[in-house]
Amino acid sequence: MEKKISEVLHSIDNGEYKIPEFQRGYVWNSKQVKEFFKSLYLGYPSGSFLIWKTKDPSKIRGKMTDTNSVFHQLILDGQQRLTTIYTIFRGQTPDWYEGVSLRTDLYFNLETEEFEYFMQKKMSNNPEWINVSDFLSKGGVSTFISQIQTLEDDVKNYYLSKIVTLNKLGSIQDYGYYIKEITMSELDKVVEIFNLVNKTGTTLNESDLALAIITSNWPESKDRFREASVEFIKYNYDFTFRNYTRLLNIFTTERGKYSDEIGAITPETFEAEWKEIKKILSYLINILRDKAFIDSSDSFSSLYVFYVLGYYLKKNGGQFKSEEEANKAVYWMFTALLWGRFSGSSESFLEKDMNAIKEHNSIDALIEEMHLFRGTNLYLRPEDISMQGVRSRIYNLFYSSVRAQNAKDWTNPVLSLYSKSVGYNNKLERHHIFPKAFLYKKYNSSSSIHKAMVNEISNIAFITQKSNMEILDGDPAEYLPKIDPEQLRKQFVPTDASLYTLDNYDTFLDERRKKLTDGINNFLKSYYEDYSKDVKNQDLQHFDQEIENIEISLRSIIAERLESAAELDAYQEMIPNHIKEKVNARIKNWLGKNPGEDKNQFYDLRRRMDFFDMQEYKDIIVSKPAYASFEEIFGSKGTLEVRFNQIAELRNSIRHSRDITDATIKDGEAAILWFTSIIRPYKKRAELTVDNE
């Protein structure tokens, strides 16, 4: 059966088409909407709709309308397209709508025939641009022609000259869609089909599929989730359906990863475990707010710590056995967040932590897993903070450490520093101790190294919005001595006034790093004194992957810079002879093992770079003819060589299965962070360049 868009819209208006609750919400972004409408306008194929006709539907989203029909028609495939069509044509979302924001300010250019979202400077008072939703929702060309009669003659005549284009835009309502209907009564089969057809297009992840299965077995699930979210958000904890789905999977199957087991859980079990999840989340939030100084879920770089602690509490009657155990749990949580326990293979590490709980049922076992992951020392060193900004995993721990000191505002010491303070003037803000404008008198704002130094955590403090406005870009040598020294100490700021000059900024950073490190470590030790243990790190593959990513980026940076600096042939002119000999031999050996490969590909310097090793990257960068091309990026030769040696030692130890000392791990990660902080802005600039081309 085929229906025009106008007929499909009529069916939605009459309540004939609905969304089953097991469907996820709207997920399309603006780019997808623009491309979709362009396809409709040009008449390109854009798929079909799959409709489930059933007498006894599962729970639906939106209002159940009496259509005087024996069957209910539920959309299995096509929700994103139908929601987009309805919203643009009707100027409002359908009653089943939930999910990301769907804008109606889509505009069409009568000259270029392109679709774009509204930009005031570009489109205001420009007759070339018309609002698509306004045009379509009011009846298309006929209504539009009536409306323009009151306009000035030149504008009216312009629109009349574009009547062919306007007719083509209006004819989108006649675009035909094939409607495929199925009438299966087995809900599990319907969900299976839904999962299969949604594997294409905007791909569902495992959490979406698990939620579809949970909802099919327990139709009330999303209502329960929504109710909980309304309650938790009052306390600044914003949990998503994915968070709830993962917790429900953990509590019902005792697995971190999703599996087919979730499909065998009864509604009664889901309901009972959900009640337990809500109790445990409430308990944890109270612990974290009161004991860990964590104001909101925004303070978590990963909510996987909730899954682990939630599972532990489930196994132990919903609460910690003692205050000592609660303190250990907070210590484990902070170290897991600090060192990125769940930043890589999240599910694998979740499974490991859950298995540790199953086997030992203790927080000590989780701390032991952290030692296996990280090494013998879970505390910070000053070099770990170097070049780390507010997006670093250290930042949120820094905030909690300051809160624990009962630190006060700098210009109004009566007011405690709290991110949720009431009142605009009392809002907590990040403050550059050495203001950026002040530092850029000495440093180069276009240098990634200098920008990282200016924005390092060691140059950040917390003060209220009112204080920030009072201080603004003031000279630290003038305003810092006026601040209560006790309040400086509580934010780990050096009180030696000789450090507050522009010339001494490097020394100030060194001292602040030491004080900040000591302050955070003492904060961690207040929960648990974690003495060094003779534990060897076994889980180092995440470091290996990070190093691999750095190597790939370095190859591109080196190739690009050398080609810009060379007159004719960067490889021949800029690469030292001893390196060329080794690389040529490697390429020759590779071609011998791969006789079908085209040797001409190696005329490209970037392709040749794939056969260089880490030491050779360093030798090229610091070589006399090349260094001028890299100094802006990497700064000091001495620092660069140290970081290369550190990262190479860690990489070689991992790849050659050597015994790895804690010092090697620490130095290697410091080098990873250093290289990452340099490469990130360089990559962003490259991406912007590509986007602008």
Short N-O contact, Arg289 and Asp295, less than 4.0 angstrom: no
NZ/NE/NH1/NH2 to OD/OE distance under 4.0 Å, Asp613 and Lys582: no
Check: Phe523 ring centroid to Tyr527 ring centroid under 6.0 Å: yes
Salt-bridge criterion met for Arg651 and Glu551 (N-O under 4.0 Å): yes
Electrostatic pair Glu254:Lys315 at N-O distance under 4.0 angstrom: yes
CA sep, side-chain torsions, deciding dist, call: Phe293, Val402, side-chain contact (heavy atoms from CB on, under 4.5 Å): CA-CA 9 Å; Phe293 305 95; Val402 169; over 6 Å; no
His371 versus Leu378, closest heavy-atom pair with distance: CE1-CG, 3.8 Å
Test of ring centre spacing under 6.0 Å for Phe342 and Tyr307: no
Arg513/Asp384 ion pair, N-O < 4.0 Å: no
Cation-pi check, Arg608 onto Trp590 ring (under 6.0 Å, within 45° of axis): no
Electrostatic pair Lys525-Asp530, nearest N-O below 4.0 angstrom: no
Salt-bridge present (Asp510, Lys515; N to O < 4.0 Å): no
Lys/Arg N to Asp/Glu carboxylate O, Lys257 vs Glu351, below 4.0 Å: no
More than 12 heavy atoms of other groups within 6.0 Å of Lys618 NZ: yes
Salt-bridge present (Glu369, Arg341; N to O < 4.0 Å): yes
Ring-ring centroid check Phe634 Tyr627, cutoff 6.0 Å: no
Side-chain donor-acceptor pair present, Arg246, Tyr304, cut-off under 3.5 Å: yes
N-O pairing of Glu325 and Lys291 below 4.0 Å: no
